Engineer: 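Provided herewith is a single structure, encoded as structure tokens, for subsequent inquiry.
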Amino acid sequence: MNAERVRELCPPEMTAGGPAHVLLVPLTARGVCRGVLTLLRSRPFGDGDLDLVREHADRVALALEAARLYEHRADAAGDLRQALRPRPLPQIPGVRLGAVYRPAPEESMIGGDFYDVLYAPGHGWLLALGDVCGKGVSAAVYTAQVRQALHTAADVAGPLTEALDLINRTLLITDDSRFVTLVLARLSALGDGTVRVDLASGGHPPPVVVRRDGTVRAFTLEGAIVGALPDVEFEETSVMLDPGDALYLYTDGIVEARGPDREMFGAERLHRALARYRGAPPTAAAEWVAQRALAHLGPGEHDDMAILGVQAWPPGHRMHEEGS
């Protein structure tokens with residue numbers, strides 16, 4: 001720093017009586033200089049002053065390093081959130097799809113709710129919705145592993161229980177300290193406008209069928225959580241959807257949303273909300289459920305929320321959409 005620059009930085013009363021004394025201290029953390037602390041005064045710096053300045057500089061350097069790491073972590077978390085966001089839903093002949101995904105607030109840790117709609121030639125369309133145990137970067141990595149295993153399982157021609165077994169064995173190889181609850185649904189659109197849905201679940205909240213007359217039924221399926229234990233068994237069932245009927249998969253962020261009084265939103269409120277939107281497009285029904293769950297929650301923070309719906313909707317169908 002030259003004398004001219006020093007004079008510019010110093011107030012007039014400091015330089016009027018004589019030269020200014022300048023002290024430059026590097027702000028070093030983890031062996032890297034993050035800046036320079038510049039001090040100016042009219043009298044020399046003593047040994048005691050230097051010790052105090054060095055201590056202060058070390059604290060400033062650590063604060064700058066912490067801010068840099070926090071910014072890096074925030075950027076990484078944002079990238080992970082973006083990567084975990086579901087892809088746009090495909091167009092499938094004979095059905096209508098709809099979904100809502102509400103991630104936890106940005107300041108919360110990354111969660112692990114997800115859904116996928118996959119197509120395997122010769123095996124048809126597979127719907128999957130899951131909830132990975134835990135939060136943070138490691139949970140996001142595990143979610144990616146689950147989704148990759150799903151892509152492999154989509155090619156399994158046998159029962160969905162075999163697909164779940166394959167996913168379970170794959171996850172045990174990659175990481176046996178985590179697990180996922182998971183529900184699978186395979187679609188078969190029939191020529192008469194109905195849709196057959198095969199269902200299998202691993203420890204996940206029960207899928208819900210909403211008939212066009214407003215009847216609601218939950219399908220509780222036996223099956224352990226996926227990725228935690230070897231040699232587990234899963235149960236499979238099938239349901240037929242007539243035109244206008246819909247099936248909904250959801251994560252526990254919906255039913256376990258707690259209001260200010262700590263009461264959960266619960267399955268009963270979920271069923272009432274879906275029944276109100278009987279016959280409506282699945283996206284509208286899913287959005288209504290998410291809104292009701294958030295309203296029940298009040299000002300409190302929420303976990304990830306995901307809902308995926310499929311409705312039998314043959315070409316040319318023009319049923320009156322009640323509730324919309």
Side-chain angles (χ1 to χ4, degrees), residues 76-77 79-87 99 101-104 108-120 123 125-186 197-208 218-237 247-256 303-308:
D79 292 342
L80 282 171
R81 282 180 179 275
Q82 189 61 36
L84 290 174
R85 287 186 178 277
R87 294 183 293 270
Y101 175 63
R102 293 280 189 275
S108 300
M109 295 288 284
I110 304 169
D113 287 13
F114 68 92
Y115 63 80
D116 270 321
V117 180
L118 308 171
Y119 179 75
H123 308 315
W125 290 94
L126 180 69
L127 277 60
L129 184 140
D131 185 358
V132 165
C133 166
K135 294 183 180 298
V137 174
S138 58
V141 171
Y142 191 76
T143 301
Q145 293 172 340
V146 174
R147 296 174 80 168
Q148 184 59 44
L150 269 170
H151 281 263
T152 302
D155 287 323
V156 174
L160 289 179
T161 51
E162 294 182 5
L164 280 176
D165 182 66
L166 174 60
I167 296 170
N168 186 66
R169 288 186 282 112
T170 302
L171 294 178
L172 282 172
I173 295 172
T174 59
D175 186 347
D176 61 0
S177 65
R178 291 188 177 274
F179 63 85
V180 59
T181 66
L182 185 63
V183 58
L184 303 181
R186 179 174 285 149
V197 184
D198 299 320
L199 293 166
S201 176
H204 201 79
V208 174
F219 286 80
T220 302
L221 297 166
E222 297 295 330
I225 56 179
V226 181
L229 299 169
D231 303 322
V232 294
E233 295 184 356
F234 304 101
E235 181 184 0
E236 183 170 350
T237 191
L247 168 79
Y248 292 93
L249 316 176
Y250 57 94
T251 58
D252 60 11
I254 297 290
V255 291
E256 294 183 3
D303 197 359
D304 289 357
M305 298 180 179
I307 316 170
L308 176 61

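These figures come from a predicted structure and were not determined experimentally. Sequential numbering from 1 along the given sequence is applied to the chain's residues.
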Engineer: Are L171 and F179 close enough that some pair of their side-chain heavy atoms sits under 4.5 Å apart?
Structural biologist: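 No, too far: nothing below the 4.5 Å cut-off.
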Engineer: Which heavy-atom pair separates L249 from P207 by the least distance, and what is that distance?
Structural biologist: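 So the minimum-distance heavy-atom pair works out to CD2-CB, 3.7 Å.
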Engineer: Between W125 and V117, is any pair of side-chain heavy atoms under 4.5 Å apart?
Structural biologist: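 Yes, close enough: below the 4.5 Å cut-off.
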Engineer: What pair of heavy atoms forms the shortest contact from A99 to L308, and how long is it?
Structural biologist: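 Heavy-atom minimum between the residues: CB-CD1, 3.9 Å.
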Engineer: Can you name the closest pair of heavy atoms from G227 and Y142 and give their distance?
Structural biologist: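 For G227 versus Y142, the nearest heavy atoms are CA-OH, 3.9 Å.
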Engineer: With a 4.5 Å heavy-atom cut-off, do T237 and F219 have their side chains touching?
Structural biologist: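 The answer is yes; the side chains approach within 4.5 Å.
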Engineer: Measure the CG-CG distance between L129 and D113 for me, rounded to the nearest 0.5 Å.
Structural biologist: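 One gets 7.5 Å once the value is rounded to the nearest 0.5 Å.
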Engineer: In the structure I gave you, are the side-chain heavy atoms of D116 and R147 within less than 4.5 Å of one another anywhere?
Structural biologist: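 A side-chain contact under 4.5 Å exists here.
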Engineer: For residues A154 and A120, report the shortest heavy-atom separation together with the two atoms involved.
Structural biologist: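 Shortest heavy-atom separation between A154 and A120 comes out as O-CB, 3.3 Å.
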Engineer: Within the distance-only criterion (no hydrogens, no angle test), does the side chain of E236 pair as donor or acceptor with the backbone N or O of L160 below 3.5 angstrom?
Structural biologist: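 Looks like yes, one N/O pair under 3.5 Å.
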Engineer: Where do A200 and L164 come nearest, in terms of heavy atoms and distance?
Structural biologist: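 Closest approach of A200 to L164: CB-CD1, 3.7 Å.
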Engineer: Provide the closest heavy-atom pair for N168 versus P230 in the form atom of the first, atom of the second, distance.
Structural biologist: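 Taking every non-hydrogen atom into account, ND2-CA, 4.3 Å.
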Engineer: Please examine the side chains of F114 and D304, heavy atoms only from C-beta on, and report whether any two atoms are closer than 4.5 Å.
Structural biologist: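 The answer is no; the side chains never approach within 4.5 Å.
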Engineer: Just how far is it from atom OG1 of T181 to atom CD1 of I225, taken to the nearest 0.5 Å?
Structural biologist: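 Here the interatomic distance stands at 8.5 Å.
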Engineer: Tell me which one of T161, L184, I167 satisfies side chain to side chain contact (heavy atoms under 4.5 Å, CB included) with F234.
Structural biologist: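 Between F234 and the candidates, side chain to side chain contact (heavy atoms under 4.5 Å, CB included) is satisfied uniquely by T161.
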Engineer: Within the 4.5 Å heavy-atom criterion, are L247 and L199 side-chain neighbours or not?
Structural biologist: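 Result yes, sub-4.5 Å side-chain heavy-atom pair found.
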Engineer: Would you mind telling me which of D252, L182, V180, T251 makes a side chain to side chain contact (heavy atoms under 4.5 Å, CB included) with H204?
Structural biologist: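 With H204 as partner, D252, L182, V180, T251 yield a single side chain to side chain contact (heavy atoms under 4.5 Å, CB included), made by T251.
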Engineer: How many angstroms lie between atom CD of E235 and atom CG of L221, to the nearest 0.5 angstrom?
Structural biologist: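 One gets 5.5 Å once the value is rounded to the nearest 0.5 Å.
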Engineer: Do T170 and T152 have side chains that approach each other closer than 4.5 Å (heavy atoms only, starting at C-beta)?
Structural biologist: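 SC-SC contact between T170 and T152 ruled out.
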Engineer: Taking the side chain as every heavy atom from C-beta outward, state whether L118 and H151 have any pair of such atoms under 4.5 Å apart.
Structural biologist: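 Heavy-atom side-chain distance check passes, below 4.5 Å.
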